[in-house]
There are 2 protein chains.
Amino acid sequence: MTGTSKTTASLKVTLDSWESLFRAQVAVMRKISAMEEFNSLSMREYDVLFNLRFCPGGRSRLVDLNQNLLISQPSLSRMVTRLEDKGLITRESDPDDHRALLLSLTEKGLALQQEIGRQHAKHLHELLGDAMSEEEFREMQRLTGKLREAVA
Amino acid sequence: MTGTSKTTASLKVTLDSWESLFRAQVAVMRKISAMEEFNSLSMREYDVLFNLRFCPGGRSRLVDLNQNLLISQPSLSRMVTRLEDKGLITRESDPDDHRALLLSLTEKGLALQQEIGRQHAKHLHELLGDAMSEEEFREMQRLTGKLREAVA
DNA sequence: CTAATTTATATGCGTATGCATGTAATAACA
DNA sequence: TGTTATTACATGCATACGCATATAAATTAG
């Protein structure tokens, strides 16, 4: 505990807090996955469209996209094939690195993302909007942001 | 906006906050799933042992257990079979309701949960302990608790 | 400049998953 | 009480998943 050393939160508080976040996430995800907007596309698949929509330049390498998802690289590779077969995204070889692919939404993919996103936003707001005050939501965002930074 | 109506957080703040929580969870889970303690048992399987360990009476119906997990009931049913085959949990018919099962840990299952849990706690603390102050962790726990209540 | 290493994606293969549905037991109702 | 509806769990089947590994391209080492 000398000099510039940071203090570390206690084991119990760290674990209890993570456990609470995790269980909250499970509870919310169970509700979300039952929502009608995810009948045509699974949440995992939608998440790919969502990430492509908002990634810089609207293009992303498979590996970079994978960073934001829980599935393995081979699973994402095959999911991309399926989404491509459905006409929702395109795979292009990266001219600067012929190993890599640049993934992007097709017009159809963008339209579907927007349609599902609209419904999803509405339903999420209905589900969670009253859970806490706006200030508390902001604080939760700030804290989860710190958590994310810590593991990046 | 009359009388006792609660104010609802704005759409944007609600969604951004949820998005932030979700991404933080993904980032942490990616790290966790790579940890050595989950070589013998997947996180999902461990979570079943964990839930059984801490549920009231150390026994739980399959349906009740399922509430705390993201997998479907049929998947849990088969996972239980596998965990039973490994000698980690037992399935007993509920004497009060012959449709239901009472699941509980075997001695071996308890021992394994404790062993994995010990390592997991250590690693999680190393991973997250410095992410924020103890007060902030407590606040995160409080807020995620509210979130969970809201969807219960 | 060639050889070894690393990085990005794909594929074989066994297994886990979800959906729809089945079976059995309890609860509700008329 | 007999009938219907509901609840708890299991199973058939098609598909998605993860792990190990292959392939191909870029980077590094010697």
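We name chains A, B, ... by the order of the sequence lines, and we start the count at 1 in each one. Bear in mind that the values here come from a model prediction, so they are computed numbers and not experimental data. No hydrogens, no waters, no symmetry mates; every other heavy atom, side chains included, goes into these values.
Salt bridge absent: Lys146(A) and Glu149(A) never bring a charged side-chain N and a carboxylate O closer than 4.0 Å. The pair Arg99(B)-Asp94(B) does not count as a salt bridge, with every side-chain nitrogen at least 4.0 angstrom from each carboxylate oxygen.
In this structure, the separation between OG on Ser17(A) and CD on Glu136(B) is 10.5 Å, given to the nearest 0.5 Å. Residue His123(A) holds its NE2 atom at 12.5 Å from CG of Leu128(A), rounded to the nearest 0.5 Å.
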Are there any protein N/O atoms within less than 3.5 Å of an N/O atom in nucleotides 8-12 of chain C, and if so, which ones and at what distance?
{"from": "dA8(C)", "atom 1": "OP1", "to": "Arg61(A)", "atom 2": "NH1", "distance (Å)": "3.4"}
{"from": "dT9(C)", "atom 1": "OP1", "to": "Leu62(A)", "atom 2": "N", "distance (Å)": "3.3"}
{"from": "dT9(C)", "atom 1": "OP1", "to": "Leu101(A)", "atom 2": "N", "distance (Å)": "2.9"}
{"from": "dT9(C)", "atom 1": "OP1", "to": "Leu101(A)", "atom 2": "O", "distance (Å)": "3.4"}
{"from": "dT9(C)", "atom 1": "OP2", "to": "Val63(A)", "atom 2": "N", "distance (Å)": "2.7"}
{"from": "dA10(C)", "atom 1": "OP1", "to": "Arg91(A)", "atom 2": "NH1", "distance (Å)": "2.7"}
{"from": "dA10(C)", "atom 1": "OP2", "to": "Ser77(A)", "atom 2": "OG", "distance (Å)": "2.6"}
{"from": "dA10(C)", "atom 1": "OP2", "to": "Arg91(A)", "atom 2": "NH1", "distance (Å)": "3.1"}
{"from": "dA10(C)", "atom 1": "N7", "to": "Gln73(A)", "atom 2": "NE2", "distance (Å)": "3.0"}
{"from": "dA10(C)", "atom 1": "N6", "to": "Gln73(A)", "atom 2": "OE1", "distance (Å)": "3.1"}
{"from": "dG12(C)", "atom 1": "O6", "to": "Arg78(A)", "atom 2": "NH2", "distance (Å)": "2.4"}

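dG18(C) atom C1' lies 11 Å from atom CD1 of Ile71(B), rounded to whole Å. At whole-Å resolution of the value, CG in Asp85(B) and P in dT15(C) are 13 Å apart. Here dT7(C) presents its P atom at 17 Å from CG of Asp94(A), a figure rounded to the nearest Å. Rounding to whole angstrom units, NE2 of residue His98(A) and C1' of dT6(C) are separated by 18 Å. In this structure, Leu69(A) atom CG and dG18(D) atom P are separated by 10 Å, rounded to whole Å. Per the geometry, CG belonging to Leu76(A) stands 12 Å off C1' belonging to dC17(D), to the nearest Å. Protein atom CG of Asp96(B) is 19 Å distant from nucleotide atom P of dT7(D), rounded to whole Å. What separates CZ of Arg44(A) from P of dT17(C) is a distance of 10 Å, to the nearest Å.
Arg59(B) is not listed as a side-chain neighbour of Leu52(B), based on a closest heavy-atom distance of 4.5 Å or more. When side chains are defined from C-beta on, Trp18(A) does not count as touching Arg23(A), because their heavy atoms never get closer than 4.5 Å. For the pair Leu103(B)/Thr90(B), no side-chain contact is recorded, criterion being any heavy-atom separation below 4.5 Å from C-beta on. Put simply, the side chain of Phe50(A) reaches to within 4.5 Å of the side chain of Glu19(B), judged on heavy atoms. Leu101(B) places none of its side-chain heavy atoms less than 4.5 Å from the side chain of Glu92(B).
Of the residues in residues 24-33 of chain B, not one comes within less than 4.0 Å of DNA chain C through any heavy atom.
If Pro95(A) and Ser72(A) are placed on DNA chain D by their nearest nucleotide, the residue sitting closer to the 5' end is Ser72(A).
For Arg82(B) and dT17(C), the shortest distance from a side-chain N or O to OP1 or OP2 is below 4.0 Å.
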